[in-house]
Amino acid sequence: MSLDKEELARLVAGDIPPGAYVNLGIGQPTTIARFLEPESCVVLHTENGMLGMGDVVPADEADWDLTNAGKQPVTELPGAAYFHHADSFAMMRGGHLDVCVMGAFQVSAAGDLANWHTGAPDAIPAVGGAMDLAVGAKEVWVMMTLFTKQGQAKLVPECTYPLTGKACVTRVYTELATFHLGPSGVQVAQTFGITFDELASRLDVPLSKV
Amino acid sequence: MSLDKEELARLVAGDIPPGAYVNLGIGQPTTIARFLEPESCVVLHTENGMLGMGDVVPADEADWDLTNAGKQPVTELPGAAYFHHADSFAMMRGGHLDVCVMGAFQVSAAGDLANWHTGAPDAIPAVGGAMDLAVGAKEVWVMMTLFTKQGQAKLVPECTYPLTGKACVTRVYTELATFHLGPSGVQVAQTFGITFDELASRLDVPLSKV
Amino acid sequence: MRTTITDAREAVAAVKDGDTVLVGGFGMAGMPVELIDALIEHGAGDLTIVSNNAGNGDTGLAALLAAGRVRKMICSFPRQTDSWVFDGLYRAGKIELEVVPQGNLAERMRAAGAGIGAFFCPTGAGTMLTEGKETRVIDGREYVLEYPIHGDVALIRAHVADRLGNLVYRKTARNFGPVMATAATVTVAQVSSIVEIGSLDPECVVTPSIYVNTLVEVPR
Amino acid sequence: MRTTITDAREAVAAVKDGDTVLVGGFGMAGMPVELIDALIEHGAGDLTIVSNNAGNGDTGLAALLAAGRVRKMICSFPRQTDSWVFDGLYRAGKIELEVVPQGNLAERMRAAGAGIGAFFCPTGAGTMLTEGKETRVIDGREYVLEYPIHGDVALIRAHVADRLGNLVYRKTARNFGPVMATAATVTVAQVSSIVEIGSLDPECVVTPSIYVNTLVEVPR
């Protein structure tokens with residue numbers, strides 16, 4: 001069986017090393033936070049200037065001076081620290097975050113990431129912190145569906161959408177399989193309700209087993 | 001009569017605009033602080049990471065975590081703020097200090113400053129924050145004797161000592177005269193116990209009156 | 001020089017037609033709403049606005065845009081669910097847009113405040129956002145040369161100020177405020193309260209008074 | 001990753017022969033004396049030391065130099081009234097010296113910590129300290145291209161840490177500590193006391209725990 005969104009978030013959460021400093025991107029990656037065990041001591045970073053971010057809270061409990069990168073109200077955990085934007089992005093760019101998890105439109109076999117712009121001529125471009133995270137974090141993990149609603153693969157030989165960053169993605173988590181990207185090419189770490197051969201036949205990217 | 005050191009320090013102190021943010025260099029410029037009127041609200045910066053620095057205190061009252069750039073123990077005034085070295089020098093380099101006052105070996109007619117190195121082949125070079133102050137402060141004032149003990153002028157056509165900064169000095173305060181440097185060349189603002197003509201005859205630099 | 005304490009109307013009089021204005025805030029957190037309202041009333045136009053977003057809903061920055069005062073937006077994330085004012089102007093070709101990665105936006109303002117002439121930054125290398133910019137490989141990695149963004153005026157929101165102009169912020173509302181304060185010729189800070197000199201812990205001041213020209217108290 | 005709490009001896013075991021070690025402090029303020037003592041005992045040699053000064057008297061950094069462990073000093077102000085150990089080694093040709101303007105020293109380490117590949121800086125332009133370096137005129141002003149200074153290990157002194165590794169400093173002893181913490185692969189902080197997580201005000205943390213690998217408590 002392929003994974004549902006919650007199972008996928010739980011899977012990613014389980015792979016984050018204890019004590020890691022982690023940035024979870026806007027949207028689906030944000031849900032990973034719910035599956036992090038407190039005893040793992042994972043510390044969440046939000047690029048708008050905080051380490052030690054807690055859960056998203058409902059609007060009626062909101063402190064609007066305390067939000068995540070998606071501008072949702074959140075909480076502060078013990079041991080938190082606030083800092084300004086230049087310091088926050090210095091922290092990202094300087095390679096201090098252990099892991100960031102982002103969504104994607106496409107990931108290439110070489111680890112190129114496309115997740116900020118569809119390339120549509122009438123789209124208003126908006127990048128936020130995605131490019132900074134892509135070049136900055138020690139590990140860039142992508143969490144996405146493996147195919148678009150139209151059935152097109154999102155793990156591709158070359159990205160056709162505008163790039164966010166080059167050769168930056170190290171892992172791809174999808175509902176059908178997880179992939180490790182690196183010098184050995186694209187390796188399939190796990191599959192869910194699909195065989196390796198079936199996966200290989202549906203992707204235009206050379207695959208090997210971990 | 002030429003000015004003594006205390007009169008000179010008092011003169012410089014009186015020229016600092018009320019509310020100015022000021023860095024006083026190591027040595028003689030440090031003594032200017034004693035002649036700043038509290039109601040002038042001048043705020044002193046020290047490059048080791050503080051605004052709102054107070055007086056130098058004797059060793060038996062020292063807190064050795066609270067020192068000036070000359071590593072002398074000082075006090076903290078109400079409204080002080082501490083910051084790290086990169087922020088402190090960003091403040092200097094970014095042009096936020098209104099005035100800095102430094103000593104000098106030589107100042108050229110074009111405002112070049114030489115105050116860090118005698119150029120002697122066996123001297124161990126040591127620059128500290130002098131070059132950062134020279135390029136950073138809005139106004140760089142020099143406080144020095146006009147002549148060396150050997151009688152050589154220190155306000156010169158071209159510096160022969162290694163430079164600290166180019167075209168940065170805007171005023172020179174000495175025991176015999178004060179000078180304004182700028183697009184109009186070297187202008188004599190005040191003289192003390194010497195006539196303009198006498199001064200002009202002893203300096204190898206074209207002078208005019210303010 | 002000494003920090004002035006005044007009202008929003010007088011504070012924003014520093015803005016002139018054609019100015020570059022840095023506007024703090026990340027969404028509404030740290031957004032100096034009352035200063036922006038005063039700026040709309042003030043009437044200065046042909047502005048370049050530097051801010052993370054390009055206005056939400058119909059108030060604040062969105063209202064300034066709707067009033068036709070902004071020639072160009074420099075921001076990282078103009079497109080939001082409630083950025084219809086900007087969207088409309090942009091699609092109508094009535095506003096220029098420079099999209100800058102969020103960290104480059106912060107770092108370019110930091111450079112302006114810190115006297116750095118330009119810097120080699122890895123962010124955006126090989127992407128369309130850095131097309132045409134100078135690049136260099138340093139130690140095997142590709143970097144793009146980025147230049148400072150100076151502001152004529154910065155409008156920011158902090159939490160508490162002392163009368164000297166020292167600022168502290170509140171939680172993630174800190175965001176761009178401290179950086180913008182360093183990068184503008186004139187910095188106007190809207191704060192929830194102004195306290196006596198000596199009331200703030202010098203170890204905890206985030207923006208030293210040297211960066212603040214004008215304080216406006218807007219109780220929240 | 002998680003911050004370790006240990007003793008000075010174990011903490012400095014991270015230093016290997018040939019490493020670049022960033023040593024905090026401005027004079028004695030913020031100098032991690034006990035860590036340096038442990039480093040001398042540890043025995044690593046052929047070191048490059050980056051610190052504002054080059055040792056005072058016969059203890060601390062001066063003792064490390066006297067023990068012959070340092071190949072090169074990168075500092076802004078080696079010459080002091082009590083820097084006789086360095087002076088002697090330098091005049092005997094037994095140590096290399098790179099003199100860097102104090103602000104460039106800080107900014108180059110800041111660049112290392114912030115992922116900046118290089119930056120154009122006005123400091124020292126036209127002086128002998130920047131001879132041979134790449135220069136560029138930007139907006140009519142001369143700048144010098146400066147590169148990051150990375151450390152293998154940073155040894156710093158802060159005031160209080162929480163068990164997670166968040167640090168606060170005390171007065172001007174803050175100096176280089178926060179910058180060095182960002183610029184090294186491994187940062188060891190000597191602190192006067194270690195408190196429980198949640199005891200430090202998140203608004204006042206100066207060095208977030210992400211930058212701190214090892215804590216050593218040395219009560220003062």
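The sequence lines fix the lettering, A, B, ..., with proteins before strands; numbering per chain opens at 1.
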*Asks:* So which residues of residues 79-95 of chain B are in contact with chain D at a heavy-atom cut-off of under 4.5 Å?
*Replies:* B/Tyr82, B/Phe83, B/His84, B/His85, B/Ala86, B/Phe89, B/Arg93

*Asks:* I'd like to know whether B/Met131 forms a side chain to side chain contact (heavy atoms under 4.5 Å, CB included) with D/Leu129, so could you lay out the CA-CA distance, the side-chain angles of the two residues, the decisive distance to 0.1 Å, and finally the verdict.
*Replies:* CA-CA 10 Å; B/Met131 288 186 180; D/Leu129 284 191; 3.7 Å; yes

*Asks:* Any chance NZ of B/Lys5 has more than 12 other-residue heavy atoms, nucleotides or ligands included, within less than 6.0 Å?
*Replies:* no

*Asks:* Determine the option with the most heavy-atom pairs under 4.5 angstrom with chain D, choosing from B/Ala123, B/Gly129, B/Ala134, B/Gly49.
*Replies:* B/Gly129

*Asks:* Mind listing the closest non-hydrogen atom pair of D/Pro122 and B/Val135 along with its distance?
*Replies:* O-CG1, 3.6 Å

*Asks:* For D/Cys75, is it the side chain, the backbone, both, or neither that has a heavy atom closer than 4.5 Å to a heavy atom of chain B?
*Replies:* neither

*Asks:* Given that the side chain runs from C-beta out, which part of D/Val100 has a heavy atom under 4.5 Å from chain B: side chain, backbone, both or neither?
*Replies:* backbone

*Asks:* If you count the non-hydrogen atoms of other residues, nucleotides and ligands that lie under 6.0 Å from CG in B/Asp4, is the total more than 12?
*Replies:* yes

*Asks:* Determine whether B/Ile124 and D/Asp87 make a side-chain contact, defined as any pair of heavy atoms from C-beta on separated by less than 4.5 Å.
*Replies:* yes

*Asks:* Examine whether an atom of D/Tyr169 lies under 4.5 Å from a heavy atom of chain B, and if so say whether it belongs to the side chain, the backbone or both; otherwise answer neither.
*Replies:* neither

*Asks:* Please confirm whether the backbone N or O of D/Gly103 pairs with a side-chain atom of B/Asp132, one donor and one acceptor, at under 3.5 Å?
*Replies:* yes

*Asks:* Do D/Arg170 and B/Leu66 have side-chain heavy atoms sitting under 4.5 Å apart?
*Replies:* no

*Asks:* Less than 4.5 Å to any heavy atom of chain B: does that hold for the side chain of D/Leu105, its backbone, both, or neither?
*Replies:* neither

*Asks:* Under a 4.5 Å heavy-atom cut-off, does chain D meet the side chain of B/Asn68, its backbone, both or neither?
*Replies:* backbone

*Asks:* Does any heavy atom of chain B fall under 4.5 Å from the side chain of D/Ala54, the backbone, both, or neither of them?
*Replies:* neither

*Asks:* Highest number of heavy-atom pairs under 4.5 Å with chain B: which of D/Gly27, D/Pro101, D/Gly30?
*Replies:* D/Pro101

*Asks:* Roughly how far, to the nearest 0.5 Å, is the CE atom of B/Met50 from the NZ atom of D/Lys171?
*Replies:* 7.0 Å

*Asks:* For the pair D/Thr172 (side chain) and B/Thr67 (backbone), establish whether a donor and an acceptor sit closer than 3.5 Å, ignoring hydrogens and angles.
*Replies:* yes

*Asks:* Counting only heavy atoms not in D/Asp82 (residues, nucleotides, ligands), do more than 12 fall under 6.0 Å from its CG?
*Replies:* yes

*Asks:* Against chain B, label D/Asn53 side chain, backbone, both or neither, depending on which of its atoms sit under 4.5 Å from a heavy atom there.
*Replies:* side chain

*Asks:* Assess whether atom CD of D/Glu134 is packed by more than 12 heavy atoms of other residues, nucleotides or ligands within 6.0 Å.
*Replies:* yes

*Asks:* Identify which of D/His159, D/Arg91, D/Arg110 forms the greatest number of heavy-atom pairs closer than 4.5 Å to chain B.
*Replies:* D/Arg91

*Asks:* For atom NZ of B/Lys138, decide whether the heavy atoms of other residues, nucleotides or ligands shown that lie under 6.0 angstrom number more than 12.
*Replies:* yes

*Asks:* Using a strict cut-off of less than 4.0 Å between a Lys/Arg side-chain nitrogen and an Asp/Glu carboxylate oxygen, indicate whether B/Asp65 and D/Arg174 qualify as a salt bridge.
*Replies:* no

*Asks:* Which atoms of D/Tyr90 are under 4.5 Å from chain B, going by heavy atoms: the side chain, the backbone, both sets, or neither?
*Replies:* side chain

*Asks:* Let's test your reading of the structure: which of D/Met128, D/Glu142, D/Arg108 forms the most heavy-atom pairs below 4.5 Å with chain B?
*Replies:* D/Met128

